[in-house]
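Structure first, then comments.
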Amino acid sequence: MSTTDTPLSGAADDANVRWGVTDAAIGILLAAASSLGWAWLTRTVVIDEWLQVLGAYLAVWVPLVVVLCIADVARGRRSFAADFGLRVRWIDLLWGVGIGLLARGLVTLLELAFTGRTSLDGGVLALPTGFALWFGIVLAPVLIGPLIEETFYRGLVLRAVQRRTGGGAVVAASVAVVVSALVFGLAHLAQGAALSPTAAVVTFAGAFVFGLAAGALAAATGRLGGAIIAHMVFNGLLVLAIVS
């Protein structure tokens, strides 16, 4: 096991690593502003459905990716593996599937407690077709989204907080897991807020629970492979319920 894979090791103690909490905050604020701006534009201008779907995802992804690239190239070690732990091992498949299933089960219990039904019940009257279906409902949330979001939230945010927190490795990692999960939950809050206050609470709670699970896995293994796979499984189960 390499030193960068050491559990609870943080991002790195390399003097060349200068990215941190400020970079994470900039990425979060830019993504929020971009997403709100795109939402306003779609309410103001008539835009084709496929472009609305693509733009909604890009409005969030592009700022996160830009901040990750700047942090890595200009302020880091020019390696996503070294800076953010973007590595995958075969054992991550086992951990990722298990954590993804566990998190989805816990979120289902939360949904039942708050609303009496679950998101796995479906409820979609008519699925979109074409690009909006294969990209917006399948490809983006199951493959692309988990890779980008885990690299940012469990790679940059978690490690940045961990490096800034004192009190020993375990305390720093624990604080970082909770903070990154909280930020992840808040980032998803708008999805439920557009429906109802109850939906907002459930959406936040679900994202927070998954963030805790994924963050704990990333901190324990020192890499993102398991968290990315868990995210794919977590979202994939919901997509499966929708399309079936």
Side-chain angles (χ1 to χ4, degrees), residues 1-32 60-89 91-92 95-96 99-100 103 145-188 207-232 234:
M1 178 179 289
S2 65
T3 55
T4 52
D5 272 346
T6 302
L8 309 178
S9 63
D13 293 323
D14 194 307
N16 294 326
V17 176
R18 294 179 290 113
W19 54 263
V21 174
T22 300
D23 302 83
I26 290 173
I28 293 166
L29 292 175
L30 285 177
V60 176
W61 292 345
V62 170
L64 301 186
V65 172
V66 168
V67 168
L68 284 169
C69 290
I70 292 175
D72 178 61
V73 174
R75 298 165 59 80
R77 295 183 290 179
R78 300 188 177 185
S79 167
F80 271 40
D83 276 319
F84 310 125
L86 187 56
R87 294 177 300 277
V88 182
R89 296 190 175 184
I91 190 64
D92 294 332
W95 279 111
I99 293 297
L147 176 61
I148 295 175
E149 291 181 11
E150 290 307 312
T151 304
F152 184 82
Y153 289 103
R154 255 62 70 176
L156 191 151
V157 175
L158 188 150
R159 290 178 171 223
V161 174
Q162 187 174 347
R163 284 165 47 201
R164 285 286 298 272
T165 305
V170 174
V171 172
S174 300
V175 171
V177 168
V178 173
V179 171
S180 64
L182 179 62
V183 173
F184 185 69
L186 291 174
H188 288 75
F208 179 71
V209 167
F210 174 78
L212 289 176
L217 182 56
T221 62
R223 56 184 182 273
L224 297 179
I228 292 171
I229 294 171
H231 202 151
M232 291 178 174
F234 183 80

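None of these values were measured; they are calculated from a predicted model.
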Sequence neighbours excluded, which residues qualify as salt bridge (charged side-chain N to carboxylate O under 4.0 Å, His left out) partners of R164? none
Please find the pair of heavy atoms, one from L158 and one from S180, that lie closest to each other, and give the distance. CD1-OG, 3.6 Å
Set of residues satisfying ring pair (Phe, Tyr, Trp, His ring centres under 6.0 Å) with respect to F234, sequence neighbours excluded: F210
Could you walk me through whether F152 and I28 pass the side chain to side chain contact (heavy atoms under 4.5 Å, CB included) test, one step at a time? CA-CA 9 Å; F152 184 82; I28 293 166; 3.7 Å; yes
Taking the side chain from R75 and the backbone from G20, do they hold a donor-acceptor pair closer than 3.5 Å? no
State which residues pass salt bridge (charged side-chain N to carboxylate O under 4.0 Å, His left out) with E149; sequence neighbours excluded, sorted by chain then number. none
What residues form a ring pair (Phe, Tyr, Trp, His ring centres under 6.0 Å) with W61, not counting sequence neighbours? Y57
May I ask you to check if R163 and W19 form a cation-pi contact, with NZ or CZ under 6.0 angstrom from the six-membered ring centre and within 45° of the axis? yes
How close do I228 and E150 get, counting heavy atoms only, and between which atoms? CG1-CB, 3.6 Å
With sequence neighbours excluded, tell me which residues meet side chain to side chain contact (heavy atoms under 4.5 Å, CB included) with V178. L212
Considering all heavy atoms, the nearest A181-G211 contact: CB-C, 3.5 Å
Okay, side chain of R77, backbone of A82: is any donor-acceptor separation there less than 3.5 Å? yes
Scanning both residues in full, the closest heavy-atom pair of A207 with G185 reads CB-CA, 3.7 Å
I'd like to know if the side chain of R18 reaches the main chain of A74, judged simply by a donor and an acceptor atom lying under 3.5 Å from each other, with no hydrogens or angles considered. yes
T151: side chain to side chain contact (heavy atoms under 4.5 Å, CB included) partners, not counting sequence neighbours: L68, F80, F84, L86, L147, L224
Side chain to side chain contact (heavy atoms under 4.5 Å, CB included) involving T22 - partner list, sequence neighbours excluded: I26
By side chain to side chain contact (heavy atoms under 4.5 Å, CB included) - contacts of A216 (at least two apart): none
Roughly how far apart are Y153 OH and H231 NE2, rounded to 0.5 Å? 10.0 Å
Within the structure provided, determine whether I148 and V65 are in side-chain contact (heavy-atom separation under 4.5 Å). yes
Which atom names give the shortest non-hydrogen contact between A31 and L64, and what distance separates them? CB-CD2, 3.9 Å
Where A227 and L217 come nearest, the two heavy atoms and their spacing: N-CD2, 3.7 Å
For the backbone of R89 and the side chain of D92, can you confirm whether one donor and one acceptor N or O come within less than 3.5 Å of each other? yes
Filter on salt bridge (charged side-chain N to carboxylate O under 4.0 Å, His left out), then keep only pairs touching residues 172-185, sequence neighbours left out; what's left? none
